[in-house]
Amino acid sequence: MLTKGTPSGHDGLSSTEVLPQAFYDRSASAVAPELLGCMLVHETPDGVAAGRIVEVEAYLASNDAANHAHRGMTERNAVMFGPPGHAYVYLIYGMHYCLNAVCCAEGVPEAVLIRALEPVEGIEAMRRRRRRAELKDLTSGPAKLCQALGISGELNGAGLTAPPLGIVSGPRPTSITRTTRVGVSAAKDVLLRWCDAGSPFLSRPIRK
DNA sequence: GACCAGATTGTCT
DNA sequence: GACAATCTGGTCA
């Protein structure tokens with residue numbers, strides 16, 4: 001179970017702290033690198049699915065044409081304008097979901113896109129959802145990890161500080177690399193992607 | 001391994 | 001009507 005605050009130590013997940021809302025109450029560019037090494041946890045009817053975050057991207061409120069909220073609030077991106085510490089889940093290309101952690105103060109639309117995980121718990125359920133056996137194919141992409149963890153549009157706007165969804169703190173990777181973002185056509189030269197340089201679970205190889 | 005095209009649908013102009 | 005923060009399978013070197 002997800003336990004807020006003090007460690008209680010049962011299944012390994014509850015023995016670590018869920019990141020509080022205050023953690024997200026900063027710029028996405030400050031939050032993003034600190035999410036590396038943390039554990040994304042989703043409690044599903046199938047059991048707990050969890051993975052260590054190895055790749056993230058920041059989307060900023062100002063001077064970032066790649067941000068969905070760049071042109072103002074719409075029905076789709078409204079969650080980004082809400083309070084920090086919530087999940088912004090959107091559908092891309094008509095068939096894939098992507099998960100963001102909303103950051104910054106309410107009214108300032110910034111978010112961190114979770115791009116890749118290292119599978120840790122619930123791996124058999126992930127294999128069933130993904131219909132793939134290979135560990136590297138389970139969560140090495142923003143849409144892959146949503147499918148593997150059973151995250152869909154129903155969780156858009158859900159809190160990240162209480163079940164069924166949460167991120168718990170973990171050890172920082174020893175080597176972090178900062179690069180340009182993947183797949184964006186606007187503002188593509190800014191370095192707003194952070195990777196655990198030693199992880200084999202990245203969605204794309206590290207490039208300059 | 002690298003590259004390319006197709007799938008598929010909500011959102012925005 | 002065009003585009004999109006992607007994935008997958010097929011082809012080729």
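As the structure is a computational prediction, the values presented were derived from the model and not from experiment. FYI, side chains are in, hydrogens and waters are out, and symmetry mates aren't considered; it's all heavy atoms of this structure. Sequence lines set the chain letters: A, B, ... in the order given, protein chains first and strands last, and positions in each chain run from 1.
Taking a heavy-atom distance under 4.0 Å as the criterion, the stretch of DNA chain B touched by chain A extends 5' to 3' from B:dA7 to B:dT13.
Looking at heavy atoms from C-beta onward, A:His86 lies out of side-chain contact with A:Leu160 at the 4.5 angstrom threshold. A:Val41 is listed as a side-chain neighbour of A:Val48, based on a closest heavy-atom distance under 4.5 Å.
Using a 5.5 Å limit on the distance between ring centres and a 30° limit on the angle between planes, the aromatic ring of A:Tyr59 counts as stacked on the six-membered base ring of C:dA5.
Atom pair A:Arg204:CZ and C:dT8:P shows a separation of 11 Å (rounding to whole Å applied). Look at CD on A:Gln147: it is 11 Å from C1' on C:dT8, rounded to the nearest Å. Atom CE in A:Met80 sits roughly 12 Å away from atom P in C:dA5 (whole-Å rounding). Between A:Arg71 atom CZ and C:dC3 atom C1' the separation is 10 Å, expressed in whole Å. To the nearest angstrom, P of C:dT8 lies 14 Å from NZ of A:Lys136. Regarding A:Arg76, its CZ atom lies at a distance of 15 Å from the P atom of C:dC3, rounded to whole Å. When rounded to the nearest whole Å, the span between OH of A:Tyr97 and C1' of C:dC7 equals 16 Å. In this structure, NE2 of A:His70 is placed 13 Å from P of C:dA4, rounded to the nearest angstrom.
Ring centroids of A:Tyr59 and A:His68 are separated by 6.0 Å or more, keeping the two rings apart.
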(request) Show the numbers, then the answer: is there a side-chain contact (heavy atoms from CB on, under 4.5 Å) between A:Leu99 and A:Leu113? (result) CA-CA 6 Å; A:Leu99 170 68; A:Leu113 171 67; 5.9 Å; no
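Closest of all the heavy-atom pairs between A:Asn67 and A:Ala69 is OD1-N, 2.9 Å.
Within 4.0 Å (heavy atoms only), A:Leu113 reaches at least one base atom of the nucleic acid. When heavy atoms are screened at a 4.0 angstrom cut-off, A:Ala66 is found touching base atoms of the nucleic acid.
A salt bridge links A:Arg26 with A:Glu34: the distance from a Lys NZ or Arg NE/NH1/NH2 to an Asp or Glu carboxylate oxygen falls below 4.0 Å. Under the 4.0 Å criterion applied to side-chain N and carboxylate O atoms, A:Glu57 and A:Arg115 are assigned as salt-bridge partners. Here A:Arg131 does not pair with A:Asp137 in a salt bridge; the nearest charged N to carboxylate O distance is not below 4.0 Å.
In this model, the phosphate group of C:dG9 is approached by a side-chain N or O of A:Arg132 to a distance below 4.0 Å at OP1 or OP2. Residue A:Lys144 places at least one side-chain N or O under 4.0 Å from the OP1 or OP2 atom of C:dT8. In terms of phosphate contacts, A:Arg181 brings no side-chain nitrogen or oxygen within less than 4.0 Å of OP1 or OP2 of C:dT6. Using a 4.0 Å cut-off, no side-chain N or O of A:Arg131 falls inside it from OP1 or OP2 of C:dT8.
For the residue pair A:Glu118 / A:Thr139, no side-chain donor-acceptor distance below 3.5 Å is found, with atom types taken as modelled.
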(message) Show me the dot-bracket string of DNA chain B, counting Watson-Crick or G-U pairs under 3.5 Å, with | for pairs to another strand and [ ] for crossing ones.
(response) |||||||.||||.
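Distances from the side chain of A:Ser185 to the nucleotides C:dA4, C:dT8, C:dT6 place C:dA4 closest.
Distance check: A:Leu35 CG to A:Glu55 CD gives 13.0 Å after rounding to the nearest 0.5 Å.
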